[in-house]
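All chains are named by letter (A, B, ...) in the order of the sequence lines, taking the proteins before the strands, and each is independently numbered beginning at 1.
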Number of protein chains: 2
Amino acid sequence: MPSPSIYTVAQRAGVSIATVSRVLRDSGPVAATTRERVLAAAAELSWSPNRLAAGLAARVHGAAGIVFPDLAGPYFSQVVLGFEEQAVADDRSALILATHGRLNADEMVLDLAARVDGLVVMDRTVTDEVVRCLEGRGSPVVLLARPAVGATPAVRAESLDAATRITAHLIALGHTRLAFLGDPEAAPDVDDRWRGFLLAHLEAGLPAPGKPVRSGFVQDEGYAAGTALLDDAARPTAVVCANDEAALGVYAAARDLGLRIPDDVAVTGWDDIPAARAVTPPLATVRQPMRELGRQAGALLSARIAGVPADSLTLPTEIVLRASCGPPANSRTPTNRIPTPTRRLEP
Amino acid sequence: MPSPSIYTVAQRAGVSIATVSRVLRDSGPVAATTRERVLAAAAELSWSPNRLAAGLAARVHGAAGIVFPDLAGPYFSQVVLGFEEQAVADDRSALILATHGRLNADEMVLDLAARVDGLVVMDRTVTDEVVRCLEGRGSPVVLLARPAVGATPAVRAESLDAATRITAHLIALGHTRLAFLGDPEAAPDVDDRWRGFLLAHLEAGLPAPGKPVRSGFVQDEGYAAGTALLDDAARPTAVVCANDEAALGVYAAARDLGLRIPDDVAVTGWDDIPAARAVTPPLATVRQPMRELGRQAGALLSARIAGVPADSLTLPTEIVLRASCGPPANSRTPTNRIPTPTRRLEP
DNA sequence: GCGCTCGGTGTAAGCCCTTACATAGCAGTG
DNA sequence: CACTGCTATGTAAGGGCTTACACCGAGCGC
């Protein structure tokens with residue numbers, strides 16, 4: 001038995017397919033009794049309209065996609081979840097695409113674009129070139145955690161200023177040998193954090209720090225980089241990490257080297273993942289509104305899909321000072337927060 | 001200018017639309033020179049076939065979906081990522097749907113089913129009823145981390161045995177007052193863990209333990225539950241947690257209550273998330289192949305979509321003993337692993 | 001030379017909807 | 001009572017692709 005179609009339902013309800021469509025989409029007037037009959041017929045056949053056909057006719061996909069490098073750690077998960085929430089709120093399905101190492105990322109993204117009404121593109125997953133190509137083909141794009149491209153808006157969390165200030169805080173505590181752990185080339189946000197780190201040195205009149213100690217976003221890489229960095233008599237007294245998970249790797253490295261945090265080495269992270277509060281000492285970090293980033297990107301995308309031009313947006317971050325960056329180890333609930341203001345980028 | 005269609009391309013290449021389709025789908029014979037011309041025409045117009053139309057004609061969505069409760073923590077992220085990998089490998093897009101608290105989950109899942117070729121359904125997101133309904137409508141389903149339903153197969157990680165053994169390990173260390181932290185009603189897997197916990201008591205001839213201390217999967221809930229549990233003179237000497245994040249919440253609770261792990265209280269988790277190795281002392285836990293769960297579910301789904309009947313599958317877990325569960329605190333690299341065998345459920 | 005097989009191509013019939021436009025009935029006007 | 005203005009419904013034209021089937025010419029065995 002072939003699955004029922006709008007024709008089957010129309011026949012059973014004794015109306016035309018146009019009326020069935022009207023009932024379902026609630027477009028155009030339908031008599032109450034007719035509506036009942038149609039609904040009943042649809043229920044009896046347990047029919048639901050074929051999305052493919054509906055989309056084809058209406059020229060709409062009813063779906064939005066998000067492209068991200070990986071789903072490693074809370075940051076990406078939360079962003080994706082925020083995006084999904086917004087998509088559902090806008091009555092769209094959410095498609096995901098992780099590029100990881102995949103070399104044909106461009107191709108995959110282009111392919112994905114053919115099945116959605118718009119796309120959120122994170123980080124360095126694809127080149128600006130591809131973004132322009134997408135827009136050229138009529139796919140609205142919103143960038144996330146990377147700079148705007150032409151008329152394509154970007155949603156970001158403030159990084160530069162927060163990085164400057166958390167570094168300045170460490171310097172104010174007396175640290176003079178600081179290291180940055182992370183890879184500025186891995187993501188635009190990390191580059192901002194690195195530049196803030198540099199800026200704080202400049203502003204404090206300190207000599208320029210050493211090059212970044214390259215590390216990815218995962219704990220294992222933080223452990224490896226942290227071990228290399230700290231297993232040295234000339235080790236820094238403070239390590240500013242590009243994200244919390246790498247910082248947790250440094251925690252493990254310090255523990256395995258017999259170093260105490262913050263007495264022997266101060267550590268800061270970025271993101272404020274839950275584990276940051278579970279470790280001892282609690283990890284000082286910069287909180288960014290991960291879920292909100294995804295949600296806002298989704299909302300901007302919806303606007304663009306609707307034809308409304310959208311401006312770029314920078315969400316505020318919040319410095320969260322905790323015991324890992326130097327306050328006496330005996331302080332019990334070190335959660336002072338210094339908010340930074342929201343700001344909108346000029347178009 | 002309307003976007004190009006297969007007709008535009010055919011015209012430009014001087015062939016019929018059938019030939020264009022053949023070139024693109026590589027179905028049927030096409031002369032090499034003709035192929036070139038078509039490809040060139042498509043490139044010049046930067047045309048790519050409309051997926052909606054293609055899907056409609058071929059009666060295929062080229063997409064698979066996964067339904068999960070939330071994306072909180074590494075477990076769900078990794079599972080989803082594994083699923084995405086498999087989907088891409090099978091040349092399908094991945095759709096996600098988080099049900100969170102949303103009360104109309106059933107409806108949303110049914111809606112999602114209308115836009116994919118098959119669905120992976122995790123945990124208690126929807127009832128068995130809905131699963132049957134989906135299958136009834138011709139949507140293949142694979143269950144994940146929940147029991148099979150009729151002919152719908154399930155992919156799971158072994159829980160009962162591992163829970164029995166890690167509890168037995170604690171008992172062997174001399175613990176007699178153990179508590180289980182987690183909500184057996186929250187997820188079938190947690191229920192298995194709870195039953196394993198009970199079983200170990202039985203086997204050891206210990207009196208039945210108290211009821212589970214209810215807690216969700218997130219750290220904050222673990223903290224709250226842990227605080228309530230430990231802030232009591234009659235506190236247990238060991239806490240078996242339903243997952244690592246809740247266990248990390250217990251870590252924070254213990255710290256805030258001035259209790260030492262494992263001297264004052266032993267703690268175990270579940271999942272073996274990266275942070276389990278970063279905390280001090282390292283967290284003993286049960287590793288489950290999170291990514292692999294998602295991948296296998298995706299693979300089974302592909303099989304079912306292809307019309308191949310698929311059997312349920314249980315993946316092995318691995319007990320990872322670390323300092324949190326009792327070995328002297330000075331032991332440095334406590335990573336003994338006790339593997340459990342893979343097994344297949346009989347159909 | 002003759003029918004045959006077969007590679008290469010075109011024709012046209014769907015796939016299942018949405019929606020502009022046409023039609024019909026009916027209550028309310030002047 | 002003809003006419004207007006609705007509301008309720010039907011008709012039919014797509015939307016952009018896949019694919020069964022028909023067709024045509026060329027190489028081939030005999």
Side-chain angles (χ1 to χ4, degrees), chain A residues 1-39 41-42 45-63 91 111 113-117 137-139, chain B residues 1-39 41-42 45-63 91 111 113-117 137-139:
Chain A
M1 60 219 152
S3 61
S5 80
I6 195 171
Y7 290 94
T8 331
V9 176
Q11 191 168 9
R12 183 168 194 126
V15 298
S16 75
I17 60 167
T19 300
V20 176
S21 180
R22 277 186 207 108
V23 170
L24 252 95
R25 306 182 40 82
D26 201 28
S27 61
V30 176
T33 59
T34 311
R35 151 170 276 108
E36 289 311 314
R37 259 186 303 138
V38 170
L39 257 20
L45 295 164
S46 72
W47 170 80
S48 60
N50 180 319
R51 304 296 304 237
L52 256 16
L56 177 59
R59 295 134 197 251
V60 168
H61 284 88
D91 209 31
D111 183 72
R115 24 171 86 243
V116 296
D117 297 315
R137 290 190 184 193
S139 286
Chain B
M1 57 232 141
S3 60
S5 81
I6 195 172
Y7 290 93
T8 331
V9 176
Q11 192 169 10
R12 183 165 194 128
V15 297
S16 75
I17 60 167
T19 299
V20 176
S21 180
R22 277 185 206 108
V23 169
L24 253 94
R25 306 182 41 81
D26 200 28
S27 61
V30 176
T33 59
T34 311
R35 151 170 275 107
E36 290 311 315
R37 259 186 303 139
V38 170
L39 257 21
L45 295 164
S46 72
W47 169 80
S48 61
N50 180 320
R51 305 294 305 236
L52 255 17
L56 177 59
R59 295 136 198 246
V60 168
H61 284 88
D91 208 30
D111 183 73
R115 22 172 87 242
V116 297
D117 297 315
R137 291 189 183 193
S139 286

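- Atom CD1 in A:Ile17 sits roughly 15 Å away from atom P in D:dG14 (whole-Å rounding).
- Taking only side-chain nitrogens and oxygens, A:Thr19 comes nearer than 4.0 Å to OP1 or OP2 of D:dG10.
- Looking at heavy-atom distances under 4.0 Å, B:Ser27 makes no contact with the nucleic acid at all.
- A salt bridge does not link B:Arg59 with B:Asp117: every distance from a Lys NZ or Arg NE/NH1/NH2 to an Asp or Glu carboxylate oxygen is 4.0 Å or more.
- Here the C1' atom of nucleotide D:dT18 and the CG atom of B:Asp26 are 15 Å apart, to the nearest Å.
- Counting any heavy atom pair closer than 4.0 Å across all strands shown, B:Val15 reaches sugar-phosphate atoms only and no base atom.
- Evaluation of atom-type donor-acceptor distances gives a pair under 3.5 Å for the side chain of A:Tyr7 against the base of C:dC17.
- Regarding A:Ile6, its CD1 atom lies at a distance of 14 Å from the C1' atom of D:dT9, rounded to whole Å.
- Regarding A:Arg22, its CZ atom lies at a distance of 11 Å from the P atom of C:dT18, rounded to whole Å.
- Residue A:His61 contributes atom NE2, which lies 13 Å from atom C1' of D:dC17 at whole-angstrom precision.
- Taking only side-chain atoms of B:Ala54, from C-beta outward, the nucleotide of D:dT18, C:dT9, C:dT18 with the closest atom is D:dT18.
- With hydrogens and angles left out, the side chain of A:Arg59 and the base of D:dG14 share no donor-acceptor pair within 3.5 Å.
- Side-chain N/O atoms of A:Arg25 include none lying less than 4.0 angstrom from OP1 or OP2 on C:dC17.
- An OP1 or OP2 oxygen of D:dT18 is reached within less than 4.0 angstrom by a side-chain nitrogen or oxygen of B:Ser21.
- Remark: A:Ser5 is not in phosphate contact with C:dC15, judged by side-chain N or O atoms under 4.0 Å from OP1 or OP2.
- Between B:Leu45 and B:Pro4, the shortest heavy-atom contact is O-CG, 3.7 Å.
- Distance CG (B:Leu56) to C1' (C:dC15): 4 Å, rounded to an integer number of Å.
- Distance B:Gln11 CD to D:dC17 C1': 17 Å, rounded to the nearest Å.
- Across all strands, A:Ala18 comes closer than 4.0 Å to base atoms (heavy-atom distances).
- Backbone-only contact: B:Pro49 has heavy atoms under 4.0 Å from sugar-phosphate atoms and none from a base.
- Between A:Arg115 atom CZ and D:dG16 atom P the separation is 18 Å, expressed in whole Å.
- Looking at A:Val15 and A:Val38, their side chains come closer than 4.5 Å, going by heavy atoms from C-beta outward.
- Counting only distance, with no hydrogens or angles, the side chain of B:Arg115 and the backbone of B:Ala63 share no donor-acceptor pair below 3.5 Å.
- Nearer the 5' end of DNA chain D, as judged by each residue's closest nucleotide, is the contact made by A:Ala57, out of A:Ala57 and B:Ala58.
- Using a 4.5 Å heavy-atom cutoff, the side chains of A:Arg37 and A:Val23 are not in contact.
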